[in-house]
Protein chains: 2
Amino acid sequence: MSTRPAYLTATLAKGLDVLEALSEVEETGLSELARRLGVSGPTLFRILATLAARGYVQKSAASRYRLTLKAWEIGAKTVRRIRLRDVARPFMERLAAATGETVHLSVMQGDGIVIVDKIDSPHPVRVDTFVGQRAPAYCSATGKAILAFLPSASLADILPRSYARHTAATIADRAAFERELADVRRTGWAKNREEWRDGVCAAAVPLFDSSGAVAASLSVTVPTPRFTQSALREKLVPALKKTGAALTDEFARARG
Amino acid sequence: MSTRPAYLTATLAKGLDVLEALSEVEETGLSELARRLGVSGPTLFRILATLAARGYVQKSAASRYRLTLKAWEIGAKTVRRIRLRDVARPFMERLAAATGETVHLSVMQGDGIVIVDKIDSPHPVRVDTFVGQRAPAYCSATGKAILAFLPSASLADILPRSYARHTAATIADRAAFERELADVRRTGWAKNREEWRDGVCAAAVPLFDSSGAVAASLSVTVPTPRFTQSALREKLVPALKKTGAALTDEFARARG
DNA sequence: TTGCGGCATTTCAACATTCGAAATAGGCTT
DNA sequence: AAGCCTATTTCGAATGTTGAAATGCCGCAA
């Protein structure tokens, strides 16, 4: 291609493509993957050989390829640097006990949020989520709780130019979203009523660091049938606000 | 260099070097990192630009670089495929309650083990570990529990050619290690008495899948003062064996 | 057993990409 | 204002990457 910026290394990008593609499947063969990525056999062969030599990929005797946990190990060292995680654990447990619902701790990453810790609801009907999962910020309670309290300078970079529709309830334009954020600022908590995935609702509060900047978000994720006005009013929102405030206090204290 | 195998892509390898180097530090500048890795400024600049464009690295206004959670997200999708993890959770909780010690679920990866889930001991004196942490297989209880039950074909690839000494107690030669594995096979559980880190002991049992192959290991990690003969005999080993057997049963059942 | 078809691997010469020296730009300190 | 350090851009040289084609390997069908 002629318009590719000259300051990017194409070979590395291709390697990352492979890593990402492999993360989507359990296992794959060389030519299948080559077809999917649109690279030639020999090229992919070399990339896979390199990734395997470095321990990112495992090659079976039958030349089937799968990811190892190497990327995860690297990431684990990164997550561990999020101090809030350790501080938050007991508060999350308290919130889980008080609500009986799945509790998430999430941070902003790029234009989405990533779940960095969770406690599962004991309820047999619960939402399937996992630590490490990403969601678009603009259609998750967690994302809104954070976005609403970001300085407008940072916000500008993050606000989606296109509000892709994921469900019937997805907020699909800028004006409506601005109104939503204003609501969050006014009430102190954010909600998501099936805006990303059908059947999945959530409520979230922001968490602040000692400088007063929003650092993360604490949320409860609930199947629609249990996400009633009365549950919110009497249980979820009070518990969230109380735990969120206590955690923000503790976090500010923990680092002086 | 002249002796580099021609079927590896050097540029990708360099990018992985950068990823790995960044995982070791909170944050770094370009030239500092270039010095450490022995690459030229412009080269590193391009690599970092590529990694940033792909979302693996974040570049601050002051041109400081740090990893994002992207690698972790990719890894999370990989870990999620380890079915045993979900099945094991309640058993781990039971074991944690029965022993009051930190419980780990670990799998083999390359020549080491990686902790894929854990429950912290409530005890104020406890060992600092984290999910995603790696340890050499030959000097961890977990590793020995798995190695002891691996088919000898796989074992040959994994057994270290050099038994690097980490502490005074590290098993440092092949013969002694073979004896150790024989012991594990005979007794059904493995121990580690400060062989990797001073002050850290552990006991572990293997977990098997429905085909009877060793799939993972369940362990308790304990500070040396609490790792007494009587604690082992009366509490740790019985609880481990009981939970391990029950979990292996359940796991076999879960997949037919 | 042979032959066919699909996949993986290796070879190799053409070529695009990456390389680093050097020049430029931007900060911060003295 | 001068000096120093780091980040970024430029650009020609050369190195690394590329894919077509050849080869090897395996399983399957005849």
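Because the structure is a prediction, the values reported are computed rather than measured. Keep in mind that the numbers below use all heavy atoms, side chains included, and drop hydrogens, waters and symmetry copies. Below, chains carry the letters A, B, ... as their sequence lines are ordered, and counting in each starts from 1.
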Answer yes or no: is there a donor N or O on one side and an acceptor on the other, between the side chain of [X] and the main chain of [Y], under 3.5 Å?
X: A:T248; Y: A:F208; result: yes
X: B:T170; Y: B:H166; result: yes
X: A:T68; Y: A:G55; result: yes

Item checked: Partners passing salt bridge (Lys or Arg N to Asp or Glu O under 4.0 Å) against A:E27 (at least two apart in sequence or in another chain) ->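 A:E27 satisfies salt bridge (Lys or Arg N to Asp or Glu O under 4.0 Å) with A:R64, A:R66 once adjacent residues are dropped.
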Check: Does the pair B:E73/B:K70 count as a salt bridge with the N-to-O cut at 4.0 Å?
Finding: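 Salt bridge: no.
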Check: Are B:E32 and B:R36 within salt-bridge range, i.e. N to O under 4.0 Å?
Finding: no
Note to self: Could you walk me through whether A:T142 and A:H104 satisfy the side chain to side chain donor-acceptor pair (under 3.5 Å) test, starting with their C-alpha distance in whole Å, then the side-chain angles of each, then the deciding distance to 0.1 Å, before giving a yes or no?
What the structure shows: CA-CA 9 Å; A:T142 295; A:H104 289 146; 5.9 Å; no
Flag the pair [X] / [Y] as yes when at least one side-chain heavy-atom distance between them is below 4.5 Å, and no otherwise.
X: B:L159; Y: B:F177; value: yes
X: B:L150; Y: B:V214; value: yes
X: B:V184; Y: B:F149; value: yes

When you get a sec, tell me which of [options] is the closest nucleotide to the side chain of [X]?
X: A:T11; options: C:dG20, D:dT17, C:dC7; value: D:dT17
X: B:S31; options: D:dT6, D:dG16, D:dG19; value: D:dT6
X: A:T43; options: D:dT6, D:dG19, C:dC7; value: D:dG19

Notebook entry, point to check: Which residues within residues 14-25 of chain A lie with some heavy atom under 4.0 Å of an atom in DNA chain D?
Noted result: A:K14
Checklist line | Residue pairs involving residues 142-151 of chain A (criterion salt bridge (charged side-chain N to carboxylate O under 4.0 Å, His left out); sequence neighbours excluded) | finding: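 Applying salt bridge (charged side-chain N to carboxylate O under 4.0 Å, His left out) to every pair that reaches into residues 142-151 of chain A, excluding sequence neighbours, yields A:K144-A:E180, A:K144-A:E195.
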Checklist line | Spacing between A:L44 atom CG and C:dT10 atom P, to the nearest angstrom | finding: 14 Å
Next item on the list: Hey, could you give me the CD1/CD distance between A:I115 and A:Q109, rounded to the nearest 0.5 Å?
Entry: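 If I round to the nearest 0.5 Å, the distance is 13.0 Å.
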Notebook entry, point to check: What does nucleotides 23-30 of chain C look like as a protein-contact string, B for base, S for sugar-phosphate only, - for none, at under 4.0 angstrom between heavy atoms?
Noted result: --------
Next item on the list: Begin with the C-alpha distance, continue with both residues' side-chain angles, and end with the deciding distance and a verdict on side chain to side chain donor-acceptor pair (under 3.5 Å) for B:K118 and B:T129.
Entry: CA-CA 9 Å; B:K118 74 173 277 198; B:T129 65; 3.0 Å; yes
Check: Mapping A:A62 and B:S40 onto DNA chain C by nearest heavy atom, which one lands closer to the 5' end?
Finding: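 Comparing both residues, the 5'-ward one is A:A62.
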Margin query: So for the helix from C:dT1-D:dA30 to C:dT30-D:dA1, with five pairs setting each end axis, what is the inter-axis angle to 10°?
Written below: 30°
Check: protein-nucleotides 8-13 of chain D nitrogen or oxygen pairs below 3.5 Å:
residue, atom, partner, partner atom, Å
D:dT8, OP1, B:K59, NZ, 2.7
D:dT8, OP1, B:S63, OG, 3.0
D:dT8, OP2, B:Y65, OH, 3.3

